[in-house]
2 protein chains.
Amino acid sequence: MSAPVKTLPGTRKSAIRQENQAHILLAAEKVFAEYGYKGATTGLIAEVAGVPKANVHYYFGTKENLYRHVLEDIVATWFAAAAEFDSLDDPEAAISHYVRLKLRLSKERPMGSKVFANEIIHGAPHLIGYLQTTLRQWADAKAAVIERWAEQGKIRPVDPRHLLFMIWATTQTYADFGVQVRAVLGVEELTDADYERAAETLTTVILRGLLAG
Amino acid sequence: MSAPVKTLPGTRKSAIRQENQAHILLAAEKVFAEYGYKGATTGLIAEVAGVPKANVHYYFGTKENLYRHVLEDIVATWFAAAAEFDSLDDPEAAISHYVRLKLRLSKERPMGSKVFANEIIHGAPHLIGYLQTTLRQWADAKAAVIERWAEQGKIRPVDPRHLLFMIWATTQTYADFGVQVRAVLGVEELTDADYERAAETLTTVILRGLLAG
DNA sequence: TCATCTCCTGACCGATCGGTCAAGATAGGA
DNA sequence: TCCTATCTTGACCGATCGGTCAGGAGATGA
C-alpha cells in the first residue's frame, strides 16, 4: 500500500525461485558462450532451460540483467580459485598449482571461460571497472610476490605481469580455442590425458624458463 | 541474352569497385571485431565505411558473404606470416623470430585477430574445414621440425603441438585481451616499449624452458 | 551523340527479437 | 477453507535488422 517500488517480485528466496533461476543461469551461460551476447536470444535460453520465454523475463527482467548475473557468477568462481595462488612460498609449487588449477577450470567450465573471453574481446563494457580495480590490485599483489621470489634468488628476474598474462593465456586457450586445439590434435574431444599433457608441457616450459641455474 | 545467371554484377575489377570494396572490408573488420558477427549490423558497417547501406549489399550481397571475405583476408595474412617459421635451422632464432612476428601482427592488426578469435570461440562454423586441413597440416609440419630439434639435442623433448598452442595463445592475447592487459598494466595504450617487454619476457621464458643445459 | 553498362541510394518489406501484459494456476500461512 | 503472494504462460507489440528494388546518376566506348 505504501511505496509501489518497481522491483522484481519475490526478493525472498523461495525454493522454486532458486531452482528456476539456477536452471536459467546455466542455460544462459551455455547460450551466451555459443552465440555471444547479441547472438543469444532469450527465446533460445528459455528453450534450453525448458521454460517459456516469459518466465526468463519474470525472473531476470532484461537480457542485459541476466547476462550480468552470468558474468558475476563466472568472475566470482575464478576469483575464488585465484585466491590459492599465494598460499605457497615456493615458486615451483605455487606456479605449478596455479597452472593446473586454471587448466582444470578451462576443462570443467569452458562455457564460462568463453563468455568471459567474449566480454573482454568486445572491450569489456560490463567488466572494465572490475579489470581496473579488483583484477589490477590482485595482479599487483601477485606481481609483488613474484618479484620477491626474484630478489630471493628463487627465480630469475622476469616481468611479473607479463608472466601472469602468459599463464592466463596458455591455460584459457584450451577452453576458448578448444575447437582449434582439437582440430590440430586430431581428436574429437580432449581426454584427461590430453589435459595432463598440456599441464606437463606448460609447467615444464614455464618453470624451466623461470628457475635459476 | 543467353544465361541470365544471378551473379554479383561487375566481376571485372573496376577501379571504383576495388576501392569501395576495400573500404567496406576495412570497416567490416573493425565492426565485426568490436561487436561480433550478430552484433555487427550492415548499417553500422556502411556508416563506418562512409557509404549507404544498400551499397554494402550491392558489393557483397549478404552480411554472411561479407564476413566470409573478412575472415579469408585475415587467414591469408596470418598464413603468409606463418610461412617464415621453418626458414631457420636454429630453434632459438626460429622461435624468437616467430614469437616476435606474431606479436607484431597482434599489435598491427588487432581487429583481425579479434574477428578470428570470435569465430573460433563460437565453434568456428566458417573455419572448421580450414582448421582440420590446412592448419592441421601446417602444425604437423612444424611439429616435425620441433621434434627433429629435440632428436638433435638442440632442445629438450617437448610436446610440439602444445608448444605451438602456447606461442599462439601468449602472442594473440595482446590483441584479443588487450583491454585486460592495459587494465593490469595501468596504461591507456600499449607502447612499443610494452610490446618489446612482452616479446622479451615471452622469448626468454619459452627459450630457457626449451633449450638444453 | 547515343547506347549500355556500372554505380548509387532512399524507400520499403518481412522476419525476428526483447520485452509486456493480463489472466489463470499454484502454494502456503492463518 | 480462504486469502494473498508468487508463479506461469500464450498472445501480443514496437523496434531493429538483413535484404530488396526501382529508378536516377555516371562512366565508357563506338
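Hydrogens, waters and symmetry mates play no part in the numbers below; they use all other heavy atoms, side chains included. Chain letters run A, B, ... following the sequence lines, proteins first, then strands; residues in each count from 1. As the structure is a computational prediction, the values presented were derived from the model and not from experiment.
The separation between B:Arg17 atom CZ and D:dA27 atom C1' is 15 Å, rounded to whole Å. Distance CD (B:Glu19) to P (C:dC7): 12 Å, rounded to an integer number of Å. Distance, B:Gln21 CD to C:dT6 P: 14 Å, rounded to whole Å. Atom pair A:Ile24:CD1 and D:dC7:P shows a separation of 11 Å (rounding to whole Å applied). The separation between B:Phe60 atom CZ and D:dT20 atom C1' is 18 Å, rounded to whole Å. In this structure, B:His57 places its NE2 atom 7 Å from P of D:dT20, rounding to the nearest Å.
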Could you pull out every donor-acceptor pair under 3.5 Å between side chains of residues 169-177 of chain A and any protein atom, sequence neighbours left out?
from	atom 1	to	atom 2	distance (Å)
A:Thr170	OG1	A:Met166	O	2.7
A:Thr170	OG1	A:Ile167	O	3.2
A:Thr171	OG1	A:Ile167	O	2.7
A:Thr171	OG1	A:Trp168	O	3.1
A:Gln172	OE1	A:Lys102	NZ	2.7
A:Tyr174	OH	B:His162	ND1	2.6
A:Asp176	OD1	A:Ser113	OG	2.7

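Sequence neighbours left out, the pairs with a member in residues 52-64 of chain B that pass salt bridge (charged side-chain N to carboxylate O under 4.0 Å, His left out) are B:Glu64-B:Arg68. Residue pairs meeting the salt bridge (charged side-chain N to carboxylate O under 4.0 Å, His left out) criterion with at least one member in residues 131-145 of chain B, sequence neighbours excluded: B:Asp86-B:Lys142, B:Asp140-B:Arg161.
Under the rule for a salt bridge (charged side-chain N to carboxylate O under 4.0 Å, His left out), A:Glu108 has no partner lying at least two apart in sequence or in another chain. In terms of the salt bridge (charged side-chain N to carboxylate O under 4.0 Å, His left out) criterion, residue partners of B:Arg109 (sequence neighbours excluded) are, by chain and number, B:Glu29, B:Asp73.
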Hey, what are the protein-to-nucleotides 8-17 of chain D N/O distances that come in under 3.5 Å?
from	atom 1	to	atom 2	distance (Å)
D:dT8	OP1	A:Asn20	ND2	3.3
D:dT8	OP2	A:Asn20	ND2	3.0
D:dT8	OP2	A:Tyr59	OH	2.8

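Counting only distance, with no hydrogens or angles, the side chain of A:Asp194 and the backbone of A:Thr191 share a donor-acceptor pair below 3.5 Å.
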